[in-house]
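Not measured: the values here are computed from a predicted model.
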Amino acid sequence: MKITLKDGNVIEYSEPLRVIDIAENISPGLARNACAAIVNGEEKDLRYMIEEDATLEIVPFGSKEGNHAFRHSSAHLMAQAVQHLYPAAKFAIGPAIDDGFYYDIEFEEPISQDDLPKIEEEMKRIVKEDIPIERYILSREEALKWAHDEGEIYKVELITDLPEDAIISFYRQGDFTDLCAGPHLMSTGAIKAFKLTSLAGAYWRGDEKNKMLTRIYGVSFPKKKDLDEYLERLEEAKKRDHRKLGREMELFTFMDEGPGFAFFLPKGMVLKNTLMEYWRKVHDRYDYKEISTPIMLTQDLWETSGHWDHYRDNIYTSVIDDQAYAIKPMNCPGAMLVYGAGQHSYRELPLRIAEVGLVHRHEMSGVLHGLMRVRAFNQDDAHIFITIDQIKDEVENVIHLIDEVYKHFDFKYHVELSTRPEDSMGTDEEWNAAISGLKEVLEKIGLPYEINEGDGAFYGPKIDFHLEDSIGRTWQCGTIQLDFQMPRRFNLEYIGADGERHMPIVIHRVAFGSIERFIGILIEHYAGKFPFWLAPVQVKVLPVSRNTQDYAQEVMTLLRSRGIRAEIDDRDEKIGFKVRSAQMEKVPYSLILGQREAEDRTVSVRILDEGEAGVKALDVFVDEIANQA
RNA sequence: GCCGAAGUGGCUCAGUGGUAGAGCAAUUCACUCGUAAUGAAUAGGUCGUGAGUUCAAUCCUCACCUUCGGCUCCA
């Protein structure tokens, strides 16, 4: 048989061989690092027997498939340890995830964080024993019998739900056996470095009606160094946590009096206003008009829009003069009313109506998370009214706008196309037309995308923008949604070239998404060290002593007159102290002003994280910096 | 909402069944200083809220609130 490797080389063998043997044959190093294999495009085990011509890629840790196998085996390793320590534990599912693995387990007695080291110790012991992992197959009856005999009620359910023709495979390592599709490593010895990171509740099958199981999360790596690096990255993320920086930098806060409702402090407001100033400039250039609609509107309106049916659980309500009102969870109905209030000609379209609207949504208490997940936030919304022929051009136009905005913050991003959810309005034809329209645009401009099945809005499909921050995490921010439903429900129309009434189509879109969340992301992306134009305080003026305070005051007044956000630190402290405190406040520029500078009318510049940047003439520095802003 | 953990001066955190401490920050005073912490003094807390156990609760019990890690949901 001929084996075609990834690099195109072909090796011939006279008899069937396992993947691991072929790897060994190619090089012992390859075999040592191998985690799994891709045979004819399918993920397989290293113990998979190749019997005829095939393409073969042997994947090490570091590849997606390799990591998957490694982490999955780690989950089994943990399960084995748990079984040793808690024989009564029942196992549900234990998959690999992007950063590690978890296993959902039902314990007789609840366990706590303090029990994790004990489990880690047992895992270490099992790793040291280097127990071979074996794979075998059972018939459905045999598999069910095993699960019943073991009392593994969750496995019984899993086996029962497997499709008719499924191959039911098991993996055994010593005294531990688990139902599993694999692939897995060859033995437990490879899992050299791991850590159980957290403990959490998780519903069986993710359904809140089901029993809550205990989920243990862990990470694992072939080398200790990799684990250390991973833990360092976690530390870095912790340092950048916007909740911590937001407090330290006095940007925003939360109070018990309004859980999930952010309070913006003066410096946070500067940030927010600066951000919105930029946003308005961009949107003006792209020919958007801005409106503002009420936060509270009658309940009837939300019944008309469909929100009452589809979004009721999240809507806050109130009563005014015996009339039921809803506090808006979205801006669209307001925009529909504005459009509907006047007559429109096809000549006006595309009509781009933006609204930075404050929406309120009742989120479950357990999901609140700093600025990332709140109960009231501003959406940088816009509703674009177009004819059916304008869909592609306009979607493309919006994509360009969003692209421009993200690049401005040095974000990379990828897009996903979300299709029809279960709970939705409209006909299949409309949905299919809308989805294929969006696909065409993405393909036309060559933007790669993934499909996110069933994740669209209830009124139409959407393109979601997931941006990637400076430490590699992704966040969903922008979306573009195509909507045939709202225009119909609100009887919107425009007069066409033919003099007849036609129904426009609406594009809903946001670029930042939620201003609050975007600010949270920016804080973490920049680790609080905002670019000059965005920094709440841009320049800190530091007189060396009392003697140079007048000059420092003059410099600050000049900076402010040029629109630069400057503050003076005229405390009676040593210059080292003031420098340190300016650096800790993460102010981009510090100006050290002593006797020499005052006499020569210069400034000694210090740049955040870069240190001393030389002495410059005052007016030269001010000109330079005013251009940056 | 559910599972688990936590809540002590502005911040970070000690601590004890007999009504509380440190560092930083703040305030005042002295020093007037050249690129990441000058020194001293002062002030500041009904220990998340409410009930219970106890002679006595910040500490033990219960309920609630908030926060944190997840589930689920989402911008």
Side-chain angles (χ1 to χ4, degrees), chain A residues 102 104 106-107 110-115 197-217 241 243-244 247-248 250 253-260 311 313-314 329-331 357 359 361-381 455 457 462 464-465 475-479 508 510-518 520-521 540 542-549 570-585 590-597 604-609 611-615:
Chain A
Y102 67 79
D104 285 349
E106 184 186 329
F107 286 93
I111 67 162
S112 81
Q113 195 86 34
D114 305 332
D115 297 313
T197 49
S198 66
L199 201 64
Y203 300 109
W204 166 234
R205 305 208 141 164
D207 187 332
E208 58 184 306
K209 289 183 205 73
N210 287 339
K211 191 174 170 67
M212 173 78 67
L213 306 172
T214 302
R215 174 171 299 180
I216 306 177
Y217 282 92
D241 191 316
R243 292 167 300 187
K244 176 174 173 283
R247 188 170 50 236
E248 286 172 4
E250 297 177 342
T253 188
F254 287 87
M255 312 265 184
D256 282 2
E257 287 80 355
Y311 212 70
D313 291 347
N314 288 295
M330 295 190 194
N331 298 305
V359 298
R361 298 181 184 177
H362 178 73
E363 301 291 351
M364 288 194 291
S365 59
V367 306
L368 303 177
H369 182 94
L371 289 182
M372 301 299 192
R373 194 68 190 276
V374 289
R375 283 179 170 159
F377 57 98
N378 288 278
Q379 279 184 308
D380 64 322
D381 223 333
D455 209 31
K462 55 180 187 169
D464 292 324
F465 289 73
W475 307 87
Q476 200 221 293
C477 289
T479 90
H508 305 242
V510 293
F512 291 155
S514 145
I515 313 301
E516 284 74 4
R517 179 181 285 182
F518 198 76
I521 294 167
K540 203 86 176 181
L542 310 177
V544 171
S545 77
R546 243 178 251 164
N547 299 329
T548 51
Q549 266 188 31
D570 55 5
R571 290 176 294 182
D572 283 340
E573 293 290 350
K574 284 171 47 172
I575 192 66
F577 179 88
K578 296 186 194 182
V579 166
R580 177 179 143 87
S581 96
Q583 301 293 291
M584 295 211 305
E585 281 175 48
S590 299
L591 300 182
I592 287 82
L593 305 180
Q595 208 63 51
R596 289 199 294 276
E597 286 78 15
S604 174
V605 182
R606 186 187 171 97
I607 301 175
L608 180 61
D609 281 351
E612 293 183 48
V615 176

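Crowding of A:Glu250 atom CD: a count of heavy atoms from other residues, nucleotides or ligands under 6.0 Å not exceeding 12. Within 6.0 Å of NZ on A:Lys244 lie more than 12 heavy atoms contributed by other residues, nucleotides or ligands.
Pairs of Watson-Crick or G-U wobble type, with distances under 3.5 Å, assemble into runs of 3 or more in RNA chain B at these ranges: B:1-7 with B:65-71, B:10-13 with B:21-24, B:26-30 with B:38-42, B:48-52 with B:60-64.
Nucleic acid contact for A:Arg215: sugar-phosphate only, since backbone atoms but no base atoms lie under 4.0 Å from a heavy atom of the residue. Here A:Lys244 lies out of heavy-atom contact (under 4.0 Å) with every strand. Among the atoms of the strands shown, none is found under 4.0 Å from any heavy atom of A:Glu106. Contact annotation for A:Ile592: base contact, defined as any heavy-atom pair under 4.0 Å involving a base atom. Residue contacts shown for A:Val510 are absent, as no nucleic acid heavy atom lies under 4.0 Å away. Contacts of A:Glu516 with the nucleic acid, taken as non-hydrogen atoms under 4.0 Å apart, are absent. As judged by a 4.0 angstrom heavy-atom cut-off over every strand, A:Val374 is placed among the base-contacting residues.
The separation between A:Leu593 atom CG and B:C33 atom C1' is 15 Å, rounded to whole Å. Atom-to-atom, CH2 of A:Trp475 to C1' of B:A75 comes out at 12 Å; the value is rounded to the nearest Å. For the pair A:Met372 CE and B:C73 C1', the computed distance is 17 Å after rounding to whole Å. To the nearest angstrom, C1' of B:A36 lies 12 Å from CG of A:Leu542. Look at CD1 on A:Ile216: it is 15 Å from C1' on B:C71, rounded to the nearest Å. Here the P atom of nucleotide B:A25 and the CD atom of A:Glu585 are 12 Å apart, to the nearest Å.
Put simply, the residue from A:Leu593, A:Thr548, A:Asp570, A:Ile575 that forms a side chain to side chain contact (heavy atoms under 4.5 Å, CB included) with A:Leu542 is A:Ile575.
Mapping A:Met584 and A:Phe512 onto RNA chain B via the closest heavy atom, the residue that lands nearer the 5' end is A:Met584. Heavy-atom distances to RNA chain B give each of A:Glu248 and A:Ile575 a nearest nucleotide, and the one nearer the 5′ end belongs to A:Glu248.
Residues satisfying the side chain to side chain donor-acceptor pair (under 3.5 Å) test with A:Asn378, not counting sequence neighbours, are A:Glu516. Applying the salt bridge (Lys or Arg N to Asp or Glu O under 4.0 Å) test to A:Glu573 and every residue at least two apart in sequence or in another chain returns nothing. Residues meeting the side chain to side chain donor-acceptor pair (under 3.5 Å) test with A:Ser581, sequence neighbours left out: A:Arg571. Residues passing the salt bridge (Lys or Arg N to Asp or Glu O under 4.0 Å) test with A:Glu585 are A:Lys540, sequence neighbours excluded. Partners of A:Gln583 by side chain to side chain donor-acceptor pair (under 3.5 Å), not counting sequence neighbours: none found. Every residue was checked against the side chain to side chain donor-acceptor pair (under 3.5 Å) condition with A:Tyr203, not counting sequence neighbours, and none meets it. With sequence neighbours left out, the ring pair (Phe, Tyr, Trp, His ring centres under 6.0 Å) criterion links A:Trp204 to A:Tyr154. Take A:Ser365 and apply the side-chain contact (heavy atoms from CB on, under 4.5 Å) test, not counting sequence neighbours, and it matches A:Arg375. The side-chain contact (heavy atoms from CB on, under 4.5 Å) check on A:Ala200 picks up A:Tyr217, with sequence neighbours excluded.
Within 3.5 Å, no donor on the side chain of A:Arg375 pairs with an acceptor on the base of B:C74, nor the reverse. Side-chain N/O atoms of A:Glu250 and base N/O atoms of B:G10 include no donor-acceptor pair closer than 3.5 Å.
The side chain of A:Tyr217 approaches B:G70 more closely than any other nucleotide in the set B:G70, B:A37, B:C74. The side chain of A:Arg373 has B:A75 as its nearest neighbour among B:A36, B:A75, B:C33. When distances are taken from the side chain of A:Ser604 to each of B:A75, B:U35, B:A26, the shortest belongs to B:U35. Out of B:A37, B:G1, B:U35, the shortest distance to the side chain of A:Met364 is found at B:G1. Relative to the side chain of A:Tyr203, the nucleotides B:C33, B:C73, B:C2 differ in distance, and B:C2 lies closest. Proximity note for A:Ser514 (side chain, C-beta onward) versus B:G34, B:A75, B:C33: the nearest is B:A75. Listed candidates were B:G1, B:U35, B:C11. Nearest to the side chain of A:Arg247 is B:C11.
Considering only side-chain N and O atoms, A:Lys462 lies under 4.0 angstrom from the phosphate OP1 or OP2 of B:A75.
Comparing the P positions of B:C60 and B:U27 gives an interatomic distance of 37 Å, to the nearest angstrom.
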Nucleotide N/O of nucleotides 67-69 of chain B paired with protein N/O under 3.5 Å:
{"unit_1": "B:C68", "atom_1": "OP1", "unit_2": "A:Arg243", "atom_2": "NH1", "d": "3.0"}
{"unit_1": "B:C68", "atom_1": "O3'", "unit_2": "A:Arg243", "atom_2": "NH1", "d": "3.4"}
{"unit_1": "B:G69", "atom_1": "OP1", "unit_2": "A:Arg243", "atom_2": "NH1", "d": "3.4"}
{"unit_1": "B:G69", "atom_1": "OP1", "unit_2": "A:Arg243", "atom_2": "NH2", "d": "2.9"}
{"unit_1": "B:G69", "atom_1": "OP2", "unit_2": "A:Arg243", "atom_2": "NH1", "d": "3.3"}
{"unit_1": "B:G69", "atom_1": "OP2", "unit_2": "A:His369", "atom_2": "ND1", "d": "3.4"}

For nucleotides 28-31 of chain B, print each protein N/O atom paired with a nucleotide N/O atom at under 3.5 Å, atom names and distance only.
none

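Stacking of A:Phe377 onto the six-membered ring of B:A75 is present: less than 5.5 angstrom between centres, less than 30° between planes.
Across all their heavy atoms, A:Gly357 and A:Asn331 have their closest contact at CA-OD1, 3.4 Å.
In terms of modelled atom types and a separation under 3.5 Å, the side chain of A:Arg373 and the main chain of A:Leu368 share no donor-acceptor contact.
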